[in-house]
Number of protein chains: 4
Amino acid sequence: MTKSETAHPRHAGATRRRILDAALGEFSTHGFDGARVDRVAASAEVSKPMIYSYFGDKDALYKAALKEAYVQIRAGEREIATEHMDPEEAIRKLVRFTMEHFVQKPWFITMLNTENLRKGETVREIENVVEIQSTLIAQLRNILERGAAAGQFRTGIDPAELYVMMASLCFFPVSNRHTLRVVFEVPIDAAWLTRQAEEAGEMLVRYLRIDPGSETPKQTN
Amino acid sequence: MTKSETAHPRHAGATRRRILDAALGEFSTHGFDGARVDRVAASAEVSKPMIYSYFGDKDALYKAALKEAYVQIRAGEREIATEHMDPEEAIRKLVRFTMEHFVQKPWFITMLNTENLRKGETVREIENVVEIQSTLIAQLRNILERGAAAGQFRTGIDPAELYVMMASLCFFPVSNRHTLRVVFEVPIDAAWLTRQAEEAGEMLVRYLRIDPGSETPKQTN
Amino acid sequence: MTKSETAHPRHAGATRRRILDAALGEFSTHGFDGARVDRVAASAEVSKPMIYSYFGDKDALYKAALKEAYVQIRAGEREIATEHMDPEEAIRKLVRFTMEHFVQKPWFITMLNTENLRKGETVREIENVVEIQSTLIAQLRNILERGAAAGQFRTGIDPAELYVMMASLCFFPVSNRHTLRVVFEVPIDAAWLTRQAEEAGEMLVRYLRIDPGSETPKQTN
Amino acid sequence: MTKSETAHPRHAGATRRRILDAALGEFSTHGFDGARVDRVAASAEVSKPMIYSYFGDKDALYKAALKEAYVQIRAGEREIATEHMDPEEAIRKLVRFTMEHFVQKPWFITMLNTENLRKGETVREIENVVEIQSTLIAQLRNILERGAAAGQFRTGIDPAELYVMMASLCFFPVSNRHTLRVVFEVPIDAAWLTRQAEEAGEMLVRYLRIDPGSETPKQTN
DNA sequence: AATGAATGAGAATTCATTCAT
DNA sequence: TATGAATGAATTCTCATTCAT
């Protein structure tokens with residue numbers, strides 16, 4: 001279905017980049033079916049045939065844009081350094097960072113939503129997806145280990161699951177801000193989200209901390 | 001249902017229902033732009049002109065489906081009764097319930113994502129949306145008050161914000177299960193989600209509990 | 001690739017017919033790749049979507065037109081009756097008829113040429129092609145048998161092969177009239193073709209007649 | 001080759017040849033409208049602008065390819081020598097040769113079909129087409145004269161018309177082999193065509209031979 | 001002489017929507 | 001109330017052709 005994204009290895013320069021950026025903007029704004037190749041062309045200031053020449057077809061363009069979304073996000077993630085911070089502080093920092101990331105790069109969230117609506121059909125086809133995996137998980141593992149070693153954190157916490165929790169707390173309010181605003185009249189803006197990130201940090205830290213009374217969380221079920 | 005805002009309020013009954021159900025299925029499966037009026041007609045076993053006669057146009061059909069999504073979800077929420085439970089246990093129950101809700105009615109999540117991609121343009125137009133607002137928030141308020149009164153929970157927690165946190169923890173792993181599965185190789189299935197709900201409950205309870213050492217969360221930033 | 005030509009069993013009437021006739025005209029005039037769906041629509045006086053609704057896609061339309069070409073030709077062939085004629089005369093009549101057929105229905109020749117350029121990919125897909133097989137072969141078989149019984153014709157002649165010879169002699173000068181006219185300055189017109197048919201009849205008859213001197217044709221190879 | 005009528009007569013040599021061969025292959029395989037300049041370029045291993053530089057445009061390229069088809073075919077025809085053969089044998093040899101020619105150079109047949117679909121618009125424009133006229137006609141004239149002089153053949157046979165008959169018998173089964181195979185289940189392969197050529201030779205010879213009984217063919221119509 | 005990059009003008013196909021009955 | 005038939009306006013994708021170097 002989708003042609004290779006390396007169909008034109010000779011094409012290198014700026015044109016491909018411009019198309020890719022425009023495509024990322026278009027797909028993240030309108031979803032796959034709502035995206036228009038015409039608009040990508042206009043926005044990239046190239047003719048439509050160039051898009052087909054560089055990328056093959058709409059599916060392939062989408063695939064390239066999706067991969068680009070991951071690549072850009074992961075590139076940003078590589079910036080934060082938490083290795084030498086106090087574990088609790090490191091967790092809070094990661095949450096803040098994640099929230100900011102989602103707020104400042106809203107296309108990432110919409111790309112993920114779009115791709116999940118498509119049941120992940122396209123991510124699956126991206127080679128090396130696993131390799132571009134979040135570095136946050138690695139950082140979380142490190143923090144968890146250091147926190148446990150220092151007697152601050154519980155043991156047995158899976159970093160991937162913790163990552164999902166952290167991402168959840170940041171993703172949802174950003175992703176759903178429009179409906180939340182209307183339906184619950186929650187005034188979601190930058191300040192609200194910043195505050196939410198702090199609370200999420202607090203929540204995660206409390207979740208990780210060794211319970212003064214009992215080492216194992218009591219099961220009330 | 002109160003007097004409907006649809007174009008042809010004269011229509012009622014089973015046909016309208018079938019169309020609405022079909023539309024909800026279609027929009028939630030394919031998003032707004034990916035949805036096909038033909039498929040709605042086929043799935044509802046009516047002719048296309050009927051849809052136009054009953055609902056006006058695709059936008060109006062979408063609006064009706066979106067409202068229906070909220071209505072159905074809220075109807076489900078009215079079932080849970082937590083008023084007489086232990087506050088901690090009530091929180092856990094609410095989380096479990098929310099997760100199950102999202103898992104069993106996946107169309108709700110995709111409708112919300114679709115609507116947020118559209119920047120909430122349509123929810124805004126739905127009359128009485130605020131009225132169909134989650135009863136969960138009311139329940140949370142009650143639980144928080146009872147917990148605080150009992151000396152178990154901290155005070156000053158906004159129920160709406162707590163609701164967002166709870167929803168976040170349940171929504172994200174379900175909504176993003178396809179990409180999470182591929183990118184992080186997290187084996188998201190029913191069992192995983194159930195476990196995640198338990199952990200989310202634990203997390204929320206710990207977040208709410210009065211901290212033995214310090215009443216107010218320390219700000220390390 | 002090609003959708004079923006019975007996609008719209010409810011569509012019956014004149015519209016389908018008009019499209020089919022227009023398509024036959026278009027494909028036979030321009031070949032498959034030169035044919036334009038727009039022109040078919042204009043010529044049939046319907047909108048393009050109707051064509052897609054009735055036939056599926058260009059391939060399927062072509063398939064229907066090709067089948068129609070065979071059907072129409074075979075229908076014409078059913079008219080000639082040679083059963084009770086003198087065998088030699090019957091042969092001559094068949095040749096004359098075939099030539100006239102090709103001259104008066106030139107779309108048949110171009111459809112065959114078009115289909116052969118496509119290596120018969122599409123005829124192969126037409127159900128019951130063999131059944132719409134030329135009735136001429138049956139007639140030839142009958143004539144050959146009667147001629148042989150009457151001691152006029154040689155035996156051992158394969159009717160299909162004889163049919164190919166007869167068709168060859170009529171097909172080629174019509175099919176290639178434009179190039180023949182230019183390259184060999186042969187003035188191919190109705191009269192010329194009529195005369196050619198007479199000569200072809202003579203040729204076939206002489207080919208079939210029992211050789212006065214030797215029963216078996218001498219092999220000089 | 002005499003001074004070419006192509007747009008850029010300055011070009012010559014191997015590159016032009018490669019393009020021409022590629023074009024002949026492309027046009028004969030796909031027809032005019034189905035032919036792709038890209039494929040010609042790829043197959044000739046030159047860039048597309050080269051093609052335009054050498055030949056002008058697609059029409060001109062087609063024209064050159066068509067002329068080339070005739071030139072190559074006529075070049076082949078010059079090889080056979082029948083001047084000193086027994087007239088009957090010469091006829092048989094010519095038929096065999098023609099059939100082989102068509103079988104081994106199938107691009108000729110498809111080029112002719114393509115050009116006839118275009119109503120000979122392009123042959124007409126080729127300068128000197130008449131000069132590259134089949135040498136077979138000259139040979140046939142010679143054979144007919146010798147045969148008549150020897151009392152073997154009838155007189156009054158037009159060599160051009162005889163050529164058309166001979167060509168018909170060889171052209172049609174090759175040109176239409178795909179449809180014949182499917183529709184009449186005639187197993188057309190090399191052996192079948194060879195046999196057909198023998199029968200065609202027999203047919204032509206019988207057609208030409210002086211009829212012992214009646215000199216002039218009887219007209220029964 | 002040669003080509004990588006680029007595009008205008010189509011061409012097939014789709015889809016929300018309406019007409020006629 | 002109900003629908004089979006029909007279409008205008010896109011939308012994706014292609015292709016002959018040219019530009020710039």
Side-chain angles (χ1 to χ4, degrees), chain A residues 3 8-16 33-41 45-61, chain B residues 8 10-13 15-16 33-41 45-62, chain C residues 3 8-16 33-41 45-61, chain D residues 8 10-13 15-16 33-41 45-62:
Chain A
K3 298 174 190 172
H8 288 256
R10 281 172 302 198
H11 295 312
T15 303
R16 195 190 139 91
D33 291 298
R36 293 292 167 258
V37 176
D38 292 59
R39 277 198 298 248
V40 174
E45 293 181 287
V46 298
S47 63
K48 265 185 293 172
M50 285 313 291
I51 294 177
Y52 289 92
S53 168
Y54 276 89
F55 293 91
D57 62 7
K58 192 183 174 181
D59 277 85
L61 182 60
Chain B
H8 295 257
R10 69 179 184 279
H11 297 302
T15 302
R16 193 189 140 88
D33 290 297
R36 295 292 167 258
V37 176
D38 286 65
R39 278 196 297 246
V40 174
E45 295 180 287
V46 299
S47 64
K48 269 189 292 174
M50 284 307 290
I51 293 176
Y52 285 88
S53 166
Y54 274 83
F55 292 91
D57 62 8
K58 192 184 178 183
D59 277 86
L61 183 60
Y62 169 73
Chain C
K3 297 173 191 174
H8 290 256
R10 282 171 301 197
H11 295 314
T15 303
R16 196 190 139 92
D33 290 299
R36 293 292 167 261
V37 175
D38 291 61
R39 277 197 298 249
V40 174
E45 294 181 287
V46 298
S47 62
K48 267 186 293 171
M50 284 314 290
I51 295 176
Y52 288 90
S53 168
Y54 276 87
F55 293 92
D57 61 8
K58 193 182 174 181
D59 277 85
L61 182 61
Chain D
H8 295 256
R10 68 181 186 278
H11 296 302
T15 302
R16 195 189 140 88
D33 290 297
R36 294 291 168 259
V37 176
D38 286 64
R39 278 197 297 246
V40 174
E45 294 181 286
V46 299
S47 64
K48 269 188 293 173
M50 286 305 291
I51 293 176
Y52 286 88
S53 167
Y54 273 83
F55 292 91
D57 63 6
K58 191 184 178 181
D59 278 85
L61 183 60
Y62 169 73

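Residue numbering restarts at 1 for every chain, and letters A, B, ... go by the order of the sequence lines.
Applying the side chain to side chain contact (heavy atoms under 4.5 Å, CB included) test to B/Asp59 and every residue at least two apart in sequence or in another chain returns B/Phe32, B/Asp57, B/Arg118. Under the salt bridge (charged side-chain N to carboxylate O under 4.0 Å, His left out) criterion, B/Lys58 pairs with no residue at all, not counting sequence neighbours. In this structure, the side chain to side chain donor-acceptor pair (under 3.5 Å) partners of A/Arg39, at least two apart in sequence or on a different chain, are A/Glu26. Residues satisfying the salt bridge (charged side-chain N to carboxylate O under 4.0 Å, His left out) test with B/Asp38, not counting sequence neighbours, are B/Lys48.
DNA chain F is contacted by both C/Ser47 and A/Asp33; C/Ser47 maps to the nucleotide lying nearer its 5′ end (nearest heavy atom per residue).
Checking the phosphate oxygens (OP1, OP2) of F/dA2, a side-chain nitrogen or oxygen of B/Tyr54 falls inside 4.0 Å. For the pair A/Thr15 and E/dA6, the criterion of a side-chain N or O lying under 4.0 Å from OP1 or OP2 is met. Of the side-chain N and O atoms in D/Arg36, one or more sit less than 4.0 angstrom from OP1 or OP2 of F/dA16.
Considering every non-hydrogen atom in both C/Val37 and C/Ile51, the closest pair reads O-CD1, 3.8 Å. The nearest pair of heavy atoms linking A/Ala41 to A/Ser47 is CB-C, 4.2 Å. Residues D/Thr15 and D/Val46 approach most closely at CG2-CG1, 3.9 Å, considering heavy atoms.
Here the P atom of nucleotide E/dG4 and the CE atom of A/Met50 are 13 Å apart, to the nearest Å. The distance between atom CD of A/Glu45 and atom C1' of E/dA6, rounded to the nearest whole Å, is 14 Å. Atom CZ of D/Arg39 and atom C1' of F/dA16 are 13 Å apart (whole Å).
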Between the protein and nucleotides 17-21 of chain E, which nitrogen or oxygen pairs come in under 3.5 angstrom?
{"unit_1": "E/dT17", "atom_1": "OP2", "unit_2": "B/Tyr52", "atom_2": "OH", "d": "3.2"}
{"unit_1": "E/dT17", "atom_1": "OP2", "unit_2": "B/Lys58", "atom_2": "N", "d": "2.8"}
{"unit_1": "E/dT17", "atom_1": "O4", "unit_2": "B/Lys48", "atom_2": "NZ", "d": "2.7"}

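Secondary structure note: stems in DNA chain F built from 3 or more consecutive Watson-Crick or G-U wobble pairs under 3.5 Å occupy E:2-21 with F:2-21.
Here the CZ atom belonging to B/Arg16 is positioned 11.0 Å from the OG atom belonging to B/Ser53, to the nearest 0.5 angstrom.
Among the atoms of the strands shown, only primed sugar atoms or phosphate atoms (P, OP1, OP2) are found under 4.0 Å from some heavy atom of A/Ala35.
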